[in-house]
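Here's the structure we're looking at; comments come further down.
Only this structure's heavy atoms are used, side chains among them; waters, hydrogens and symmetry mates stay out. Since this is a predicted model, take the numbers as computed values, not measurements.
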Amino acid sequence: MKTKIFSTAILGSGLLLFTTIYGCGNEEKKEEKKEVRAAIATFVLKKDKLSTTLTLPGELIALQQVDLYAKVSSFVKALKVDIGSEVTKGQLLMTLDAPEMNSQLAAAQSRLKAQEAIYTASKANYNRLYETSKTPGTISTNDLDQALAKRNSDLAQFEATKAAYREVGSIQNYLEIRAPFSGVISARNVNLGAYVGPSGKGSELPIFTLQDQKNLRLAVSIPEVYTGYLKLGDEVSFTVKSLPNETFKAKVKRLSGALDLRLRSERIEIDVANANKALLPGMVAEIIIPLPANASTFVIAKKALLDTSEGLYILRAENNKLVKVAVKKGRETDDKVEIFGDIKEGDKLIAEPTEEMHEGMTINP
């Protein structure tokens with residue numbers, strides 16, 4: 001009796017185990033079928049125009065800026081301006097003193113007067129001989145030619161002496177430092193009595209730095225991919241940290257027309273009027289550049305782009321199978337992005353792809 005009960009218990013347990021295993025297998029198959037037949041959202045690829053903006057850092061620099069050095073070795077005699085002084089073109093900024101220049105000028109003047117006297121004498125001698133030669137037999141032709149050659153030689157020496165005198169006078173004019181254009185003195189590196197001279201000879205730093213601060217230029221480098229969207233006359237806006245509540249506008253004035261070999265970008269310059277001097281040279285600006293839609297391109301939602309460690313992909317549905325297509329990204333907004341690749345209008349793409357979706361996977365779009 002006990003043996004029958006034990007056998008019945010074993011049989012019941014076996015049936016229970018078989019039923020459990022069979023039931024689990026059915027559930028797995030159902031889940032697999034359910035996964036394969038699950039509906040996946042898709043959309044049809046179409047072309048659209050995408051207008052965006054590009055934000056880049058730029059630098060404000062003076063429209064004109066120059067470092068002023070002394071032309072000749074000398075000493076500072078008088079300073080007429082200081083840092084922050086507004087000057088006009090041609091205004092005297094500094095006078096220098098070079099005692100040896102006065103001696104050189106006096107010597108050149110003396111040589112000029114001596115050569116002038118020599119030329120005057122040879123010219124008078126030739127004129128007398130020429131007048132006398134009009135009487136036949138009085139002056140030989142050779143003597144007259146020699147007098148003419150002497151006069152011409154002395155004239156050439158006189159002209160050379162005059163040029164040397166003007167040269168010394170011109171160099172002496174360099175003892176006065178004048179403004180080449182109107183602007184503001186932004187730096188002064190010398191004091192009274194200081195020895196100055198050409199760059200590297202007495203003056204490692206410039207005497208003055210002169211800037212035109214009423215007219216600035218905003219320089220920015222545009223990445224290669226965006227160079228086709230900008231042209232002369234396009235308006236851009238920018239802000240600076242010192243004036244966060246103000247937005248400035250200006251127009252593109254110059255395009256370099258070539259890419260920098262290091263940065264692979266094109267330098268553009270934007271002229272900025274700064275009559276009130278609210279902006280300063282050297283400021284870093286945040287430039288907002290509009291990128292208009294020049295042509296229709298393929299635009300999709302960002303969530304339809306699959307960003308993996310291998311690159312950027314989209315998933316295309318073909319005959320209820322997934323096809324993985326590599327693409328490149330263009331311009332983008334907060335929720336949309338341009339894509340380029342082996343795609344065409346009318347392709348059916350997965351709206352929200354995941355990395356679990358693989359090539360060749362059967363779907364129910």
Test side chain to side chain contact (heavy atoms under 4.5 Å, CB included) applied to V81 and M94, step by step: CA-CA 8 Å; V81 294; M94 172 190 290; over 6 Å; no
Where G346 and V44 come nearest, the two heavy atoms and their spacing: CA-CG1, 3.7 Å
Side chain to side chain contact (heavy atoms under 4.5 Å, CB included) for L280 and L60? Distances and angles first, verdict last. CA-CA 7 Å; L280 300 177; L60 284 165; over 6 Å; no
Quick one: do I207 and V87 end up in the same hydrophobic cluster if we chain Ile, Leu, Val, Met, Phe, Trp and Tyr together by side-chain heavy atoms under 4.5 Å apart? yes
Is any side-chain heavy atom of L305 less than 4.5 Å from a side-chain heavy atom of I339? yes
Shortest non-hydrogen separation from A62 to P281 and the atoms involved: N-CB, 3.9 Å
F158 vs L112, test: side chain to side chain contact (heavy atoms under 4.5 Å, CB included). Steps then yes/no. CA-CA 7 Å; F158 178 51; L112 177 62; 3.6 Å; yes
Is any side-chain heavy atom of Y165 closer than 4.5 Å to one of Q109? yes
Output for pair (S85 OG, K80 NZ), nearest 0.5 Å, gives 12.5 Å
Here the pair of heavy atoms bringing T247 nearest to S237 is CG2-CB, 3.8 Å
Looking only at heavy atoms, which two atoms of S265 and S221 are closest? And how far apart? OG-CB, 3.4 Å
Does a side-chain N-to-carboxylate-O contact under 4.0 Å join D335 and K302? no
V236 side chain reached by I288 side chain, heavy atoms, under 4.5 Å: no
With the side chain counted from C-beta on, respond yes when L93 and R178 share a heavy-atom pair under 4.5 Å apart, and no when they do not. no
Do the side chains of K231 and D234 get close enough for a salt bridge, i.e. N-O under 4.0 angstrom? yes
Hey, are the side chains of V196 and V76 touching, using non-hydrogen atoms and a 4.5 Å cut-off? yes
State which residue, out of I222, I268, L218, fulfils the side-chain contact (heavy atoms from CB on, under 4.5 Å) condition with I287. L218
Can R151 be said to sit on top of Y126's aromatic six-ring, NZ or CZ under 6.0 Å from centre and within 45° of the ring axis? yes
Hey, is D347 close enough to R316 for a salt bridge, meaning N to O under 4.0 Å? yes
Does the side chain of D143 come under 3.5 Å of the side chain of S140 through a donor N or O and an acceptor N or O? yes
To the nearest 0.5 Å, atom CG of D307 lies from atom CG of L312 at 5.0 Å
For T138 and T132, indicate whether the former's side chain and the latter's backbone hold a donor-acceptor pair under 3.5 Å. yes
NZ of K336: more than 12 outside heavy atoms within 6.0 angstrom? no
Taking every heavy atom of A250 against every heavy atom of V272, the minimum-distance pair comes out as CB-CG2, 4.1 Å
Quick one: CG on L349 to NZ on K46, what's the gap to the nearest 0.5 Å? 12.5 Å
For T161 and Q157, indicate whether the former's side chain and the latter's backbone hold a donor-acceptor pair under 3.5 Å. yes
Kindly work out whether a path of hydrophobic side-chain contacts (I/L/V/M/F/W/Y, heavy atoms less than 4.5 Å apart) joins L63 to M283. no
From CA spacing to verdict: salt bridge (charged side-chain N to carboxylate O under 4.0 Å, His left out), E159, K162: CA-CA 5 Å; E159 293 295 335; K162 283 199 295 184; 3.5 Å; yes
K77 and E176 ion-paired at < 4.0 Å: no
Does any N or O in the side chain of N274 come within less than 3.5 Å of the main-chain N or O of N215, such that one atom is a donor and the other an acceptor? no
CD (E355) and OG (S309) are apart, to the nearest 0.5 Å, by 7.0 Å
When you compare the side chains of Y313 and T308, does any donor N or O come within less than 3.5 Å of an acceptor on the partner? no
Might you confirm whether atom CZ of F43 has over 12 heavy atoms from other residues, nucleotides or ligands at distances under 6.0 Å? yes
Side-chain contact, heavy-atom cut-off 4.5 Å: P244 with T239? no
Under 6.0 Å from the CD atom of E235, do we count more than 12 heavy atoms belonging to anything else shown? yes
Report yes or no: does S153 contribute a side-chain atom to a donor-acceptor pair with the main-chain N or O of K150 at less than 3.5 Å? no
Just wondering, are more than 12 heavy atoms of other shown residues or ligands nearer than 6.0 Å to CZ in F340? yes
Under a 3.5 Å distance rule, please check whether N319 uses its side chain to pair with a backbone N or O of K321 as donor and acceptor. no
Using only atom types and a distance under 3.5 Å, with no angle test, would you say the side chain of T42 pairs donor to acceptor with the backbone of I350? no
Under a 3.5 Å cutoff, is there a donor and acceptor pairing between the side chains of K47 and T297? no
Provide the full list of ring pair (Phe, Tyr, Trp, His ring centres under 6.0 Å) pairs with a residue in residues 247-287, sequence neighbours left out, each pair given once. F238-F248
A side-chain contact here means heavy atoms from C-beta on lying under 4.5 Å apart; do V190 and L205 qualify? no
If you measure only the distance, is there a donor-acceptor pair under 3.5 Å linking the side chains of T209 and D67? yes
Spell out, yes or no, whether V325 and M361 are grouped together once hydrophobic residues are joined by side-chain heavy atoms under 4.5 Å, including indirect joins. no
Looking at I139, is its backbone amide N or carbonyl O close enough to the side chain of S133 to form a donor-acceptor pair, meaning the two atoms are under 3.5 Å apart? no
Hydrophobic clusters here meaning ILVMFWY residues chained together by side-chain heavy-atom distances under 4.5 Å, can you tell me if L315 and F298 are in one? no
Residues K253, E269: salt bridge by 4.0 Å N-O rule: no
What pair of heavy atoms forms the shortest contact from G282 to E59, and how long is it? CA-OE2, 4.4 Å
Do K71 and L175 come within less than 4.5 Å of each other through their side chains, counting heavy atoms only? no
Around atom NZ of K277, are there more than 12 heavy atoms from other residues, nucleotides or ligands closer than 6.0 Å? yes
Hey, is R128 close enough to E131 for a salt bridge, meaning N to O under 4.0 Å? no
Under the criterion salt bridge (charged side-chain N to carboxylate O under 4.0 Å, His left out), I'd like the reasoning laid out for R264 against E224: C-alpha separation, chi angles, the key distance, then a yes or no. CA-CA 6 Å; R264 294 299 172 186; E224 179 182 357; 5.9 Å; no
Report the C-alpha separation of R254 and I270 in whole Å, then their side-chain angles, then the decisive distance to 0.1 Å, and conclude whether the side chain to side chain contact (heavy atoms under 4.5 Å, CB included) test is met. CA-CA 7 Å; R254 286 169 291 278; I270 304 157; over 6 Å; no
Got a second to check how far I185's CD1 is from L210's CG, nearest 0.5 Å? 5.0 Å
Report yes or no: do L216 and V220 belong to one cluster of Ile/Leu/Val/Met/Phe/Trp/Tyr joined by side chain heavy-atom distances under 4.5 Å? yes
Audit row: E359, K324, salt bridge (charged side-chain N to carboxylate O under 4.0 Å, His left out) steps and yes/no: CA-CA 6 Å; E359 178 91 12; K324 201 173 182 181; over 6 Å; no
What distance separates I83 CD1 from R188 CZ, expressed to the nearest 0.5 Å? 6.5 Å
